[in-house]
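We use all heavy atoms of the structure for the numbers below, so side chains are in, but hydrogens, waters and symmetry mates are not. Predicted model only: the values in this text are computed from it and were never measured. Here is how names work: the chains are called A, B, and so on, in the same order as the sequence lines, proteins then strands, and each is numbered from 1.
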Protein chains: 2
Amino acid sequence: MYTFLVVDDSSEAREAISDILSLEPSFYVIGQASNGKEALKFLQNRKADIVLMDINMPEMNGFEATKQIKTLFPDITIIMLSVSDDVQDFFEALKLGAQGYLVKNLEPQLWLDYLRSVATGDTPLEKGIAMRILQEFTEGGGKAQQQKEQFHSLTKREREILQLVAEGYTNRDIACNLTISENTVKNHLKNILQKLHVKNRVQLARYAAEFKNKGYPL
Amino acid sequence: MYTFLVVDDSSEAREAISDILSLEPSFYVIGQASNGKEALKFLQNRKADIVLMDINMPEMNGFEATKQIKTLFPDITIIMLSVSDDVQDFFEALKLGAQGYLVKNLEPQLWLDYLRSVATGDTPLEKGIAMRILQEFTEGGGKAQQQKEQFHSLTKREREILQLVAEGYTNRDIACNLTISENTVKNHLKNILQKLHVKNRVQLARYAAEFKNKGYPL
DNA sequence: CCAAAAATAGCCCGATGGGGCTATTTTTTT
DNA sequence: AAAAAAATAGCCCCATCGGGCTATTTTTGG
């Protein structure tokens with residue numbers, strides 16, 4: 001039996017993550033927090049085995065929170081969450097004592113596989129697994145690369161459209177701008193929403209902003 | 001008589017700005033551009049006395065454009081525009097040769113006051129005025145503070161709603177969350193959109209993100 | 001050259017959004 | 001206590017969005 005604390009500023013994300021965790025009978029989400037401060041407060045009352053910690057949060061970000069939690073409760077396992085698979089963030093997370101790093105927008109099954117291996121300690125998770133998971137989604141790693149392709153990888157056109165959507169343009173604007181039909185824009189958009197597991201264009205804009213913030217190419 | 005080139009990626013913003021400028025009989029908007037590149041192209045054909053340059057634009061952003069314009073046409077006065085009153089941006093703007101920095105969402109009258117003083121050179125604008133204007137809108141500067149309040153000033157409720165919108169929630173979600181009717185949410189939203197001069201919730205999200213990014217309280 | 005992937009485009013239809021109005025109640029300010 | 005501002009809520013109406021589905025043409029990769 002493993003207890004989880006989910007820390008993310010988006011209540012939606014927390015719900016989504018909790019939903020995924022509930023698929024594994026031995027996983028129990030015992031709390032949620034919307035920023036690092038709340039997470040610390042929570043842990044002072046009740047300890048969790050594993051903390052899933054988003055990086056970008058108001059008040060206190062995931063890095064700072066990880067540092068402090070690790071100082072106070074060194075035996076808590078912390079897995080950092082991010083929408084990007086940025087290598088810098090990944091190493092930063094490990095440096096501060098996190099045991100892992102999970103890229104959002106992955107298949108629930110992958111989350112569970114990964115978290116099970118972290119929880120049971122079956123695998124030498126010291127860095128190996130986390131690293132492997134990351135690598136699978138950064139450099140072209142054979143079969144895993146296909147999964148990335150299948151998953152996040154937007155096509156060139158999709159990226160163009162994502163960018164315009166994120167700037168607040170309507171589908172018609174975009175169609176006009178790219179001189180294609182509005183239907184085509186809608187089609188691309190549908191695919192983008194599906195690929196990135198978000199529900200609407202505002203969330204898409206947030207997604208794009210998070211990437212842009214890190215200087216990530218999108 | 002002073003000629004203006006308005007550079008902003010949002011055609012709405014350009015229109016709004018042009019409208020404000022038209023209130024002063026001696027101000028003439030002789031051109032608009034939607035990004036830095038277009039602005040440069042325009043200036044090669046026809047020079048303007050003053051360029052109003054948005055910072056965030058696709059293709060070529062305001063900082064880059066300012067640098068290049070100042071190199072090619074050192075006698076053109078450039079005023080940077082931004083939705084935020086971030087001090088970093090402000091100094092960056094001055095460093096690159098801009099003569100001023102205007103915060104969007106200010107009262108038209110303030111714009112005109114400021115631009116008149118820039119145009120006529122009556123005041124030692126070398127940094128003084130720009131700085132003063134900025135200060136009025138950062139630290140609590142007596143009367144000016146009230147004007148800020150009056151202007152972009154969303155109410156408490158509106159800020160709550162803005163935040164939820166920016167996180168990608170639908171109106172219904174928000175209504176549910178705040179236990180008010182969806183109609184009320186829509187009403188608040190209408191007011192917010194109007195106050196912040198944006199067209200839709202994605203642009204609202206961008207607005208919120210820009211503020212959040214700079215650690216500005218919103 | 002052929003197969004797979006990407007880009008194009010259309011249709012239908014219900015959900016959501018956003019503008020324009022009016023109006024009542026609560027809260028704040030004067 | 002009176003006035004002003006904010007919060008609440010409703011209405012109508014059309015625009016936009018987003019999901020599901022099919023289908024053709026380009027482009028790309030092996």
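- At least one side-chain heavy atom of B/Ile180 sits under 4.5 Å from a side-chain heavy atom of B/Arg157.
- Distance from the side chain of B/Thr155 is smallest to D/dA6 among C/dC11, D/dA6, D/dA9.
- Taking 4.5 Å as the limit, every side-chain heavy atom of B/Ile192 sits out of range of all side-chain heavy atoms of B/Val165.
- Judged purely by atom type and a 3.5 angstrom limit, A/Asp173 uses its side chain to pair as donor or acceptor with the backbone of A/Thr170.
- One interatomic measurement links the two molecules: CD1 of A/Ile174 to C1' of C/dT8, which rounds to 16 Å at whole-angstrom precision.
- Look at B/Thr184 and you won't find any side-chain N or O under 4.0 angstrom from OP1 or OP2 of D/dT8.
- Considering B/Ile79, B/Thr3, B/Leu43 in turn, B/Leu43 is the only one that fulfils the side chain to side chain contact (heavy atoms under 4.5 Å, CB included) rule with B/Val51.
- For B/His188 and D/dA5, the NE2 to P distance is 17 Å, given to the nearest whole Å.
- Residue B/Asn183 has a polar side-chain atom (N or O) positioned under 4.0 Å from OP1 or OP2 of D/dG10.
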Table please: side-chain donor-acceptor pairs of residues 30-38 of chain A below 3.5 Å, with sequence neighbours left out.
| from | atom 1 | to | atom 2 | distance (Å) |
| --- | --- | --- | --- | --- |
| A/Gln32 | OE1 | A/Arg14 | NE | 3.0 |
| A/Gln32 | NE2 | A/Ser18 | OG | 3.0 |
| A/Ser34 | OG | A/Glu38 | OE1 | 3.4 |
| A/Ser34 | OG | A/Glu38 | OE2 | 3.0 |
| A/Asn35 | OD1 | A/Lys37 | N | 2.9 |
| A/Asn35 | OD1 | A/Glu38 | N | 2.9 |
| A/Lys37 | NZ | A/Glu59 | OE1 | 3.2 |
| A/Glu38 | OE1 | A/Ser34 | N | 3.0 |

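- A rotation axis mapping the C1' atoms of four pairs onto the next four is fitted at both ends of the helix from C/dC1-D/dG30 to C/dT30-D/dA1 over five pairs, and the angle between these axes is 70° to 10 degrees.
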Counting primed atoms plus P, OP1 and OP2 as sugar-phosphate and everything else as base, spell out the protein contacts along nucleotides 15-30 of chain C at 4.0 Å heavy-atom distance: B, S or - for each nucleotide, 5' to 3'.
-SSBBBB---------
Check step by step if side chain to side chain contact (heavy atoms under 4.5 Å, CB included) holds for B/Leu21 and B/Val6.
CA-CA 10 Å; B/Leu21 294 177; B/Val6 178; 4.1 Å; yes
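- In this structure, the side chains of A/Ile17 and A/Leu81 come closer than 4.5 Å at one or more pairs of heavy atoms.
- Among the candidates B/Lys186, B/Glu182, B/Arg201, the single residue satisfying the side chain to side chain donor-acceptor pair (under 3.5 Å) test with B/Asn171 is B/Arg201.
- The separation between A/Asp173 atom CG and D/dA15 atom C1' is 13 Å, rounded to whole Å.
- The CG-P distance, from B/Asn191 to D/dA9, rounds to 15 Å in whole Å.
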